[in-house]
Structures are given as C-alpha cells and as structure tokens.
Amino acid sequence: MKAIIEQLHADRCSCVIRNGETRSFHRPGVADLYELLNNEPDFLRGASVADKVVGKGAAALMVLGQIREVYTDVISRPALELLAGARIGILHKKEVVPAIRNRIDTGPCPLESRCLEENDPEKLLLIIEQFIAGLSGSRPTV
C-alpha cells in the first residue's frame, strides 16, 4: 500500500489501484471507478486503492467493486460509514469532513449531495449513473 500512496502523490494521480498490477488514474470525480466497475470488475475485486478524495459516491463504487482496502487523504463521514459498514479496510485518512466540497470550493460536491440520503450501494449506483448521464447529456456508455 505504501508504494501506491507514494505514487498517488508523486504522480499527482486522482487514484491508484493495485490488484496484481498497479494502475494510475487522473480523471476527476468517480469516472474511473465507475468505468472499472462496469468494464473490469475483476480488477477491483480485492484491490488496494489509494485515492485523494473519497465521497459517498466513490465509496459506493468501491463497495460494489468489493475492494479490500482504501487509503485516502480526505473522506466524507458518510463515505467512511458506508465503507466501514461493508468492512472495507480504511488504512489511513488525513481528514474526515462532513461532506465533500466541489472542485472550486464554493459549495458541496454535487454528487455527494445527491448521495447523502441513500445508503444502499445499488441505489447509489443508479444515482451515480443519472449524475454521469446528466454531465454527458445522455445515458452513460462505458
């Protein structure tokens, strides 16, 4: 886990995942986790994840992907509770916040806001799909 945490920061990745092989990702938000869950779920199953920011949407994707453990710099309390409820190891967190803020820090993250009231990962996946579809203007294709 130490190596992927170092890579996360040194390479300025959004997320680094190790499951046999190590892959780094750079897209913001949940796009990479969502794509992996839909196209390569075996890569997530049992993986170690280092992620800069984990909100409830990302946590739901990690739960559905059945990751083994996660490191994060910042995690929202709802994400922490969702991961703990799924017995996913949370190795280190620098900061626990009430909710994730948007990228320009002017308010709450729009996906975090949409996910706050739901605790079922399958229902959260539907919320995430609707959110991604809204960003692209159509149903997500992955």
Side-chain angles (χ1 to χ4, degrees), residues 1 4-142:
M1 185 59 114
I4 66 172
I5 294 167
E6 289 173 359
Q7 183 177 351
L8 175 77
H9 296 112
D11 295 347
R12 304 178 113 186
C13 305
S14 59
C15 182
V16 179
I17 302 173
R18 177 187 297 142
N19 196 358
E21 67 177 299
T22 300
R23 296 189 205 170
S24 60
F25 302 90
H26 297 275
R27 291 189 292 178
V30 299
D32 293 314
L33 285 170
Y34 178 78
E35 192 169 293
L36 284 170
L37 181 65
N38 283 286
N39 294 326
E40 298 180 72
D42 288 341
F43 182 66
L44 287 176
R45 195 170 299 112
S48 297
V49 176
D51 198 322
K52 284 190 178 170
V53 177
V54 175
K56 196 168 184 182
L61 295 171
M62 291 178 193
V63 169
L64 291 169
Q66 301 174 7
I67 71 160
R68 182 171 48 96
E69 59 190 357
V70 63
Y71 161 91
T72 185
D73 291 338
V74 178
I75 189 168
S76 71
R77 180 141 322 275
L80 184 64
E81 292 169 1
L82 190 66
L83 291 167
R87 299 180 188 215
I88 291 174
I90 303 161
L91 300 180
H92 181 72
K93 55 204 169 291
K94 289 184 179 177
E95 184 176 7
V96 178
V97 296
I100 301 301
R101 306 275 298 166
N102 65 28
R103 290 187 194 111
I104 56 173
D105 199 25
T106 58
C109 165
L111 182 56
E112 180 92 352
S113 296
R114 286 172 174 81
C115 292
L116 281 179
E117 300 300 317
E118 185 55 61
N119 291 311
D120 179 332
E122 293 290 342
K123 291 179 181 175
L124 287 164
L125 179 59
L126 294 174
I127 293 168
I128 294 164
E129 287 175 343
Q130 291 169 352
F131 178 76
I132 290 172
L135 293 177
S136 66
S138 63
R139 176 136 175 89
T141 55
V142 289

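Everything quoted here is computed from the prediction, not taken from an experiment.
Taking both residues in full, the closest heavy atoms of Asn19 and Phe43 are given as ND2-O, 2.7 Å, listed atom of the first, atom of the second, then distance. Minimum interatomic distance between Val54 and Ala79 (heavy atoms only, all atoms of both residues): O-CB, 3.6 Å. Heavy atoms only, all atoms of each residue included: Val30 and Ala58 are closest at CG1-N, 3.7 Å. Nearest heavy atoms, Gln7 versus Ser24: NE2-CB, 3.5 Å. The minimum heavy-atom distance linking Cys15 with Val49 is given by the pair SG-CG1, 3.8 Å. The minimum heavy-atom distance linking Leu82 with Pro121 is given by the pair CD1-CG, 4.4 Å.
Ser113 meets the side-chain hydrogen bond (donor to acceptor under 3.5 Å, both in side chains) test with no other residue; sequence neighbours excluded. For Arg114, the salt bridge (charged side-chain N to carboxylate O under 4.0 Å, His left out) criterion is met by no residue, not counting sequence neighbours. Residues satisfying the side-chain hydrogen bond (donor to acceptor under 3.5 Å, both in side chains) criterion with His26, sequence neighbours excluded, are absent altogether. The salt bridge (charged side-chain N to carboxylate O under 4.0 Å, His left out) test applied to Glu81 returns no partner, not counting sequence neighbours. Taking Ala31 as the reference, Arg27 meet the side-chain contact (heavy atoms from CB on, under 4.5 Å) condition, with sequence neighbours excluded.
Atom CD1 in Ile88 sits 8.0 Å away from atom CE in Met62 (nearest 0.5 Å). Taken from CD in Gln130 to CG in Leu125, the straight-line distance is 10.0 Å, to the nearest 0.5 Å. The OH atom of Tyr34 sits 5.5 Å away from the CD1 atom of Ile132 when rounded to the nearest 0.5 Å. To the nearest 0.5 angstrom, Glu6 atom CD is 11.0 Å from Asp11 atom CG. The CD1 atom of Ile75 lies 5.0 Å from the CG atom of Leu83; values are rounded to the nearest 0.5 Å. How far CG of Asn102 is from CG of Leu111: 12.5 Å, rounded to the nearest 0.5 Å.
Residue Glu21 qualifies as enclosed at atom CD: its count of foreign heavy atoms under 6.0 Å is above 12.
Pairs of residues two or more places apart, or lying in two chains, that qualify as salt bridge (charged side-chain N to carboxylate O under 4.0 Å, His left out) and include a residue from residues 45-59 are Asp42-Arg45.
A donor-acceptor pair under 3.5 Å is absent between the side-chain atoms of Ser76 and the main chain of Ile100, judged by distance alone.
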CA sep, side-chain torsions, deciding dist, call: Leu44, Leu33, side chain to side chain contact (heavy atoms under 4.5 Å, CB included): CA-CA 9 Å; Leu44 287 176; Leu33 285 170; 4.2 Å; yes
Stepwise side chain to side chain contact (heavy atoms under 4.5 Å, CB included) check, Ile17 with Asp32: CA-CA 11 Å; Ile17 302 173; Asp32 293 314; over 6 Å; no
